[in-house]
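Everything below concerns the one structure shown next.
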Amino acid sequence: MCGRYVMAQSVGDLVAEFDVDETYVETVEPSYNIAPTDPVPIVLDRRDRETGGTSRKLVPARWGLVPPWSKDTKGAARLINARRETVTEKPSFRKAAAAKRALVPANGYYEWEKRAAQEAAGKAGKVEKIPTYLHAADGGLLAFAALFENWPDPTLPPDHPERWLRTCTILTGPASDTLGYIHDRTPVIVPREMWDDWLNPETTREEDVRALIDSMPEPHLTPRIVGSMVNSVRNNGPELIEPVG
DNA sequence: CCAGACGTTGTT
DNA sequence: GTCTGG
DNA sequence: CCAGACGTTGTT
DNA sequence: GTCTGG
């Protein structure tokens with residue numbers, strides 16, 4: 001799955017990498033330990049009323065989707081992932097799948113591997129999960145397939161600047177055999193040549209979105225065992241992704 | 001009809 | 001908002 | 001995802 | 001054990 005990740009690029013990097021037209025994010029704090037409910041930058045495409053063309057935007061969002069009908073934001077921390085198999089059907093995700101697709105930029109993400117070998121060896125003691133950092137083999141930026149939603153805070157008046165909360169969720173799929181030994185689910189990673197198709201706001205029919213999702217390939221990632229400092233969200237910094245012997 | 005859920009993960 | 005369960 | 005809390009009362 | 005916070 002994807003419950004903790006790394007995004008240490010600057011706004012400038014993201015604008016260049018994703019060919020962003022408009023940015024609504026002034027600065028991005030590099031984070032090597034992004035956790036559910038944290039603010040994150042996301043990329044989306046919207047149709048421009050003036051020009052009729054499509055504009056790519058870098059916007060702030062909070063990780064953990066809050067459906068627009070939610071009474072409050074409690075429980076958002078559980079909607080950090082959406083299963084690709086069912087996302088076009090689930091009431092919490094189907095509207096967003098049709099009309100609010102996004103990309104979440106990331107350098108990599110963490111899994112906590114509970115290894116069979118460790119289990120066998122540790123019958124006497126307790127089983128420690130092994131934090132593992134997964135990243136592109138070439139170190140390149142990843143783009144997680146994501147959905148977003150806009151949630152109107154019912155406790156605030158319609159004209160209040162904080163009335164609308166944008167939240168997001170990252171799609172997951174079954175892990176390939178090569179990654180499956182670490183974890184049975186992995187985030188859906190959109191290859192660069194599919195970014196435009198994924199973000200295209202004109203693609204709204206369920207069957208078209210379904211086909212789009214089904215066309216997403218298995219991610220090819222490199223695992224690296226890291227230290228347990230990443231376990232606590234209070235820790236941050238490049239040392240979290242340093243390899244551990 | 002109204003009430004209540006709406007989700008994923010891991011673990012057993 | 002929309003679906004399911006009662 | 002993991003870490004850390006998990007409770008009430010009265011008094012300062 | 002289970003929920004909340006980050």
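Reminder, nothing fancy here: chain letters follow the sequence lines and each chain counts from 1.
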Calculate the interatomic distance between [X] atom [atom1] and [N] atom [atom2]; express it in whole Å.
X      : N     : atom1 : atom2 : answer
A:E89  : C:dT2 : CD    : P     : 16 Å
A:E206 : C:dT2 : CD    : P     : 14 Å
A:K95  : B:dC6 : NZ    : P     : 17 Å
A:N33  : E:dG5 : CG    : C1'   : 14 Å
A:K90  : B:dT9 : NZ    : P     : 11 Å
A:R84  : B:dT9 : CZ    : P     : 13 Å
A:I34  : E:dG6 : CD1   : P     : 17 Å
A:W69  : B:dG4 : CH2   : C1'   : 11 Å

Suppose you measure atom [atom1] in [N] against the same atom in [M]; what distance do you get, rounded to whole Å?
N      : M      : atom1 : value
D:dC2  : B:dT11 : C1'   : 16 Å
E:dC3  : B:dT8  : C1'   : 15 Å
B:dT12 : D:dC1  : P     : 14 Å
E:dG6  : B:dC6  : P     : 25 Å

Using the 3.5 Å cut-off, write out each protein N or O paired with an N or O of nucleotides 1-3 of chain D and the distance between them.
residue, atom, partner, partner atom, Å
D:dC1, O2, A:R4, NE, 2.8
D:dC1, O2, A:R4, NH2, 3.1
D:dC2, OP1, A:K129, NZ, 3.4
D:dC2, O4', A:R4, NH2, 2.8
D:dC2, O3', A:N231, O, 3.4
D:dA3, OP1, A:N231, ND2, 3.4

Seminar exercise, completed: If pairing means Watson-Crick or G-U wobble with both distances under 3.5 Å, then the partner of D:dG7 is none

Seminar exercise, completed: Pairing partner of E:dG5, by Watson-Crick or G-U wobble and under 3.5 Å for both distances, is D:dC2

Classify the nucleic acid contact of [X] as base, sugar-phosphate or nothing, counting any heavy atom under 4.0 Å across all strands shown.
X      : result
A:Y5   : nothing
A:D184 : sugar-phosphate
A:T73  : nothing

Taking atom types as modelled, find out whether [X] and [Y] have a side-chain donor-acceptor pair closer than 3.5 angstrom.
X      : Y      : result
A:S55  : A:E22  : yes
A:D38  : A:S31  : no
A:R47  : A:T54  : no
A:N231 : A:S228 : no

Exercise. Does the base of E:dG5 carry an N or O that pairs as donor and acceptor with the side chain of A:T37 under 3.5 Å?
Worked result: no

Problem set entry | Any A:T172 side-chain N or O less than 4.0 Å from OP1/OP2 of B:dT8 | no

Exercise. Given C:dC3, is OP1 or OP2 found less than 4.0 Å from the side-chain N or O atoms of A:S92?
Worked result: no

Exercise. Can we say A:R185 and A:E85 salt-bridge, meaning some charged N sits less than 4.0 Å from an Asp/Glu carboxylate O?
Worked result: yes

Exercise. C:dC3, B:dT9, B:dC6: which one has an atom nearest the side-chain heavy atoms of A:R94?
Worked result: C:dC3

Exercise. Between the side chain of A:N33 and the main-chain N/O of A:L240, is any donor-acceptor distance below 3.5 Å?
Worked result: no

Exercise. Minimum heavy-atom separation for A:R101 to A:F148, with atom names?
Worked result: O-CE2, 3.8 Å

Exercise. In this structure, which one of A:Y110, A:W63, A:Y109 forms a ring pair (Phe, Tyr, Trp, His ring centres under 6.0 Å) with A:Y5?
Worked result: A:W63

